[in-house]
Structures are given as C-alpha cells and as structure tokens.
Number of protein chains: 2
Amino acid sequence: MTTVSEAGKTAHGAADHRKGPRRRGDALHTAIFEATLTELTAVGYAELKMEHVANRARASKGSLYRRWASRAELVADAVHHTIPSCAERPDTGSVREDLLSCLRGFATLLNGPSGEAIRGLMADTIRNPDLMDVVRARFIDPGVNLFLDVLRRGAARGEVRTTALTPRIASLGPDLLREYFLVHRPPIPDRALVEMVDEVIIPLIRA
Amino acid sequence: MTTVSEAGKTAHGAADHRKGPRRRGDALHTAIFEATLTELTAVGYAELKMEHVANRARASKGSLYRRWASRAELVADAVHHTIPSCAERPDTGSVREDLLSCLRGFATLLNGPSGEAIRGLMADTIRNPDLMDVVRARFIDPGVNLFLDVLRRGAARGEVRTTALTPRIASLGPDLLREYFLVHRPPIPDRALVEMVDEVIIPLIRA
DNA sequence: CGGGTAGAGAACTTGACGTTTCTTATGGCA
DNA sequence: TGCCATAAGAAACGTCAAGTTCTCTACCCG
C-alpha cells in the first residue's frame with residue numbers, strides 16, 4: 001500500500017488509468033495525498049506540477065482544484081499529514097541532550113521531502129502572504145512548544161534558570177535551525193546543531 | 001535624473017518611446033537598473049515582469065536577457081547597487097546601542113523594496129540553488145561583518161567577553177532578524193529588535 | 001563616411017495554470 | 001432493485017509570461 005500506481009508509468013509518473021475504478025471522497029483524497037508526497041520526493045516542490053500529481057493519483061486536475069485552491073494548499077495539507085506527531089518528547093535527563101535530540105529530529109525532517117515542501121511554501125509566501133500563517137501554525141509553532149517543554153523540564157531539575165523560560169529563548173533553536181536551512185543548501189550538518197546548542201542556547205539558559 | 005521616463009506611461013509603466021534616442025552600454029545598464037527598482041517598488045518582486053521592466057526602461061527584452069540570465073540576477077544586481085555601503089558603522093560607545101542601531105538599519109532596509117527583493121530572491125532559490133551563494137555573499141555576509149566589528153569594539157572597551165567573538169554569535173543578530181523577516185509579514189516591529197538584543201545577544205556576550 | 005555592433009520591437013514557441021465542457025461511473029434513496 | 005443527482009475522468013481551452021528569434025535601424029569606431 002506504499003505506492004499507488006501499479007504499472008505503465010510514463011516519464012512523468014503518470015499511470016495508465018484507462019480501466020481503474022473510480023474513487024470518491026476519502027479514498028480519492030488519500031490517493032492524492034500519496035501522489036503529492038511521491039511527486040514531492042521525486043521531483044521536488046519547484047517541479048511539482050498539478051497535472052503530474054493528478055496523473056499519478058489516477059485523478060483529474062478538476063478533482064484537485066475542487067479540494068484545494070492552489071498547489072501550496074495541497075502540499076501544506078499533504079505534508080502536514082505525514083509529519084510525526086510532536087508527542088515524541090525526548091527526556092534524557094540532560095537539557096543539552098534533549099535540545100540536541102529535538103534539533104536532530106527537526107533537521108532530519110528538513111533534510112527530507114518535508115524540507116523541500118517547507119522551502120517551497122515559504123517561497124510561495126511572496127504571492128500569498130496568508131500562507132505564512134499556515135506555515136507558522138503547522139510547522140513552526142509546534143516546534144517551539146516542544147522546546148519550551150524541554151526547557152521547563154530542565155528548569156524543574158535546576159539546570160535552567162527560570163527567567164529563561166521565554167518564547168524568545170524557546171524559539172531560538174527552531175529559529176536558528178530554520179535560518180540555517182533557508183540560507184544553506186541541504187543537508188544540514190550535525191556540526192551546526194551542536195554549535196547552536198553549545199554556543200548559544202546552553203550559555204543563555206544556564207542557571 | 002531620478003526617473004527615466006518623461007511622459008506617456010501606460011498602465012503597466014511602459015513609456016512611449018517611438019522617438020527616444022537609442023542608448024548603449026552603461027547608460028542603458030543604468031536605465032534598466034532604475035526601471036527595475038521602480039517596478040520593484042511599484043508592484044513587488046512577485047509581480048515584476050521582465051517585459052514591464054523593459055518597457056519602463058525604454059529598452060527591449062533582448063537587451064535585458066543579453067545582460068542577465070534571469071529576473072533573479074537582474075534584481076540581485078540592481079538592488080545590490082542601491083544598498084548603502086556598510087561603511088556606516090555605528091559607534092555610540094555602548095554595545096547595546098551599536099547593536100540596536102545596526103539592527104534598525106537592517107530592518108529599515110528589509111521593510112522597503114530591498115526586503116521585497118530579498119524575499120523574492122530567497123524564493124527563487126528553490127529553482128536555482130546557486131542563488132543562495134549570491135544572496136549570502138551580497139546581502140548576508142556584510143551584515144555579519146558589521147556585527148563582528150561592533151562586538152570587537154565592545155570587547156576592546158571591556159563590555160564584551162572575548163570568547164564571544166565567534167561567527168556564530170556575531171551572526172546571531174542578522175540571523176534572528178532575517179528569520180523574523182521571512183516568517184512574518186512586514187514591517188518588522190522595533191519591539192522585536194529590542195527583544196533580540198536584550199534577551200539574547202546582550203546576555204550572551206556580557207563579560 | 002561606411003560597415004559592424006548592438007539595440008528596438010514584435011512575433012513566436014513553450015509550458016503551466018486554472019477553467020470549462022462533456023461523458024460516465026458511483027452511491028444514496030425511493 | 002432501479003433511478004438519478006453528484007462527483008469523477010478526460011481533454012480541450014484561454015491566459016499569461018518566460019525566453020528566443022527575427023528584422024530593421026541607430027549608433028560608434030575606424
């Protein structure tokens with residue numbers, strides 16, 4: 001069930017769908033999501049064409065546009081559904097390890113297709129500033145909350161000064177990571193993460 | 001000499017150039033730069049069309065493409081020429097004031113047409129990753145050097161611990177500012193700058 | 001002053017978006 | 001079970017701007 005199409009793909013990932021059954025509702029929705037992610041992985045956001053997604057999903061462009069107003073909305077929805085729940089809170093007993101663990105998790109995401117998507121969504125932000133709010137709500141804020149939790153647990157252990165529990169400081173990790181991601185080409189080297197933690201965050205939060 | 005065209009503009013900024021003299025070389029180059037910046041200010045990067053720039057500059061698309069391979073290169077060149085030299089180093093005698101002054105200068109730039117351009121260039125980065133290097137070299141690294149100078153002068157006065165004179169810490173200001181810029185819609189509130197300085201940079205560099 | 005270079009301008013090609021139209025399959029409901 | 005409104009598939013279409021190519025002509029240099 002990992003791949004959608006069975007055979008007869010064309011150069012652009014189109015499937016031969018002269019005889020497939022016709023789906024509706026959730027089944028179609030899901031198929032389009034899968035096709036979107038496959039295309040995203042295969043050709044990246046910049047080269048992701050609505051028609052190719054439609055073909056790969058054995059659907060029509062009309063079905064796509066009936067559900068999403070634009071490529072950005074489709075991709076944002078599709079990627080959001082695949083992101084592992086941020087419930088996986090690291091808890092190693094050491095703030096430094098927890099922070100690094102969070103950053104490494106984010107970096108892994110950003111180094112993959114989700115990163116491609118986020119980079120593309122941020123790019124589309126020029127034409128559609130409302131997208132910023134979507135990106136922040138779906139892909140940024142959850143990360144900040146995760147960091148805030150880590151800091152709070154560190155404060156409970158006495159590792160973190162309580163005055164460091166501000167949004168500004170909690171978002172430093174995600175901010176610096178995203179900054180690095182946007183300004184350099186992938187992948188993000190682990191070295192950069194360690195530097196962020198050891199040179200910036202740890203000195204700032206130390207009790 | 002501020003504006004290029006004299007009269008008879010159309011809705012898209014095209015000039016009536018049935019009878020204008022024909023320029024070459026630098027004169028044309030300059031006229032295209034001015035037209036690019038005017039268009040950038042008028043309609044923004046997303047809506048900046050090569051044909052409109054050509055019309056406004058009383059030039060042909062051919063002349064544009066003979067000089068620049070793409071819209072991104074044209075805009076990068078044009079904006080780079082207008083950015084005030086980073087020689088204006090603030091030196092108030094206080095690191096905090098110097099840092100704030102730098103950040104305010106950058107924020108003012110980002111809040112204007114240059115910001116529009118940088119946002120657009122970063123967006124085009126998806127299709128042309130080489131652009132990242134151009135953007136970093138022209139619009140990012142100079143800022144980091146400016147900050148490094150400020151920190152060095154602060155260290156000479158004893159305000160800054162010398163171990164804080166690292167690229168990672170010097171780029172914190174520009175990084176956080178750019179991050180804010182990319183993730184929020186303009187303008188950048190002064191409040192955000194003060195927070196960056198007082199909650200992050202100052203506590204980190206204090207001797 | 002004459003010829004090569006470069007610019008103006010318009011036509012053209014291409015590629016994708018987003019829409020529309022027509023046909024047909026599907027699933028709910030009587 | 002059979003009807004029918006709804007939604008799907010497919011293809012064609014209109015639009016728009018990128019980038020190229022063509023012709024004609026102005027400018028500069030020798």
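Below, read A as the first sequence line, B as the second, and so on, with proteins coming before strands; counting in each chain starts at 1. In what follows, every heavy atom counts, from backbone to side chain, and hydrogens, waters and symmetry copies are set aside.
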**Study point:** Nucleotide C:dG7, atom P - distance to CZ of B:Arg23 in whole Å
**Key:** 10 Å
Review point. For the base of C:dG18, is there a side-chain donor-acceptor partner from A:Lys61 under 3.5 Å away?
Key: yes
Exercise for review: List for me each residue that meets side chain to side chain donor-acceptor pair (under 3.5 Å) alongside B:Ser101, sequence neighbours excluded, and say none if there are none.
Suggested key: none
Exercise for review: Would you please name every residue forming a salt bridge (Lys or Arg N to Asp or Glu O under 4.0 Å) with B:Asp130, sequence neighbours left out?
Suggested key: A:Arg185
Practice item. Enumerate the residue pairs fulfilling side-chain hydrogen bond (donor to acceptor under 3.5 Å, both in side chains) with a member in residues 69-84 of chain B, sequence neighbours excluded, ordered by first and then second residue. Key: B:Trp68-B:Asp77, B:Asp77-B:Arg138
Check your understanding: Is there a residue in residues 124-131 of chain B whose heavy atoms reach under 4.0 Å of DNA chain D, and which residues are they?
Key -> none
Review point. Within the structure shown, what part of the strands sits under 4.0 Å from A:Gly62 by heavy-atom distance: base, sugar-phosphate, or nothing?
Key: nothing
Study note, to complete from the structure: Taken to the nearest whole Å, CG/B:Asn55 to C1'/D:dA17 is 13 Å
Point to revise | Counterpart residues, salt bridge (Lys or Arg N to Asp or Glu O under 4.0 Å), relative to A:Arg168 (two or more places apart) | key: A:Asp175
**Study point:** Test item: A:Ile83 and A:Phe139 side chains (from C-beta on) under 4.5 Å apart, heavy atoms
**Key:** yes
Check your understanding: CG of B:Leu28 versus C1' of D:dA26: gap in Å, rounded?
Key -> 13 Å
Exercise for review: Any pair with a residue in residues 99-118 of chain A that passes salt bridge (charged side-chain N to carboxylate O under 4.0 Å, His left out), sequence neighbours left out, goes on the list, sorted by first then second residue, please.
Suggested key: A:Arg104-A:Asp190
Point to revise | Nearest-angstrom distance from the residue atom CG of B:Leu64 to P of D:dT20 | key: 12 Å
Review point. Atom CZ of A:Arg22 to atom C1' of C:dT23: distance rounded to whole Å?
Key: 8 Å
Give each protein N/O atom lying under 3.5 Å from an N/O atom of nucleotides 4-6 of chain D, with the pair distance.
residue	atom	partner	partner atom	Å
D:dT6	O2	A:Arg24	NH2	2.8

Study note, to complete from the structure: Across all chains, not counting sequence neighbours, the side chain to side chain contact (heavy atoms under 4.5 Å, CB included) partners of A:Thr125 are A:Leu131, A:Met132, B:Arg119
Check your understanding: In whole angstroms, how far is the C1' atom of C:dA16 from the CD atom of A:Glu39?
Key -> 14 Å
**Study point:** Nearest-Å distance for atom pair CG/P, residues B:Leu74 and D:dG19
**Key:** 11 Å
Practice item. List for me each residue that meets side chain to side chain contact (heavy atoms under 4.5 Å, CB included) alongside B:Ala46, sequence neighbours excluded, and say none if there are none. Key: A:Ile126, A:Arg127
Exercise for review: When you get a sec, tell me which of C:dT26, D:dG9, C:dA8 is the closest nucleotide to the side chain of B:Ser63?
Suggested key: C:dA8
Revision key, fill the gap. Of all heavy-atom pairs linking A:Ala164 and A:Leu151, the shortest is O-CD1, 4.2 Å
**Study point:** Sequence-distant partners of B:Arg152, salt bridge (Lys or Arg N to Asp or Glu O under 4.0 Å), two or more places apart
**Key:** B:Asp149
Point to revise | Integer-rounded Å distance: D:dA26 P and B:Arg58 CZ | key: 14 Å
**Study point:** Sequence-distant partners of B:Arg153, salt bridge (Lys or Arg N to Asp or Glu O under 4.0 Å), two or more places apart
**Key:** B:Asp91, B:Asp98
Practice item. Strictly below 4.0 Å, heavy-atom distances to any atom of DNA chain C: list the hits from residues 66-73 of chain A, or just say none. Key: none
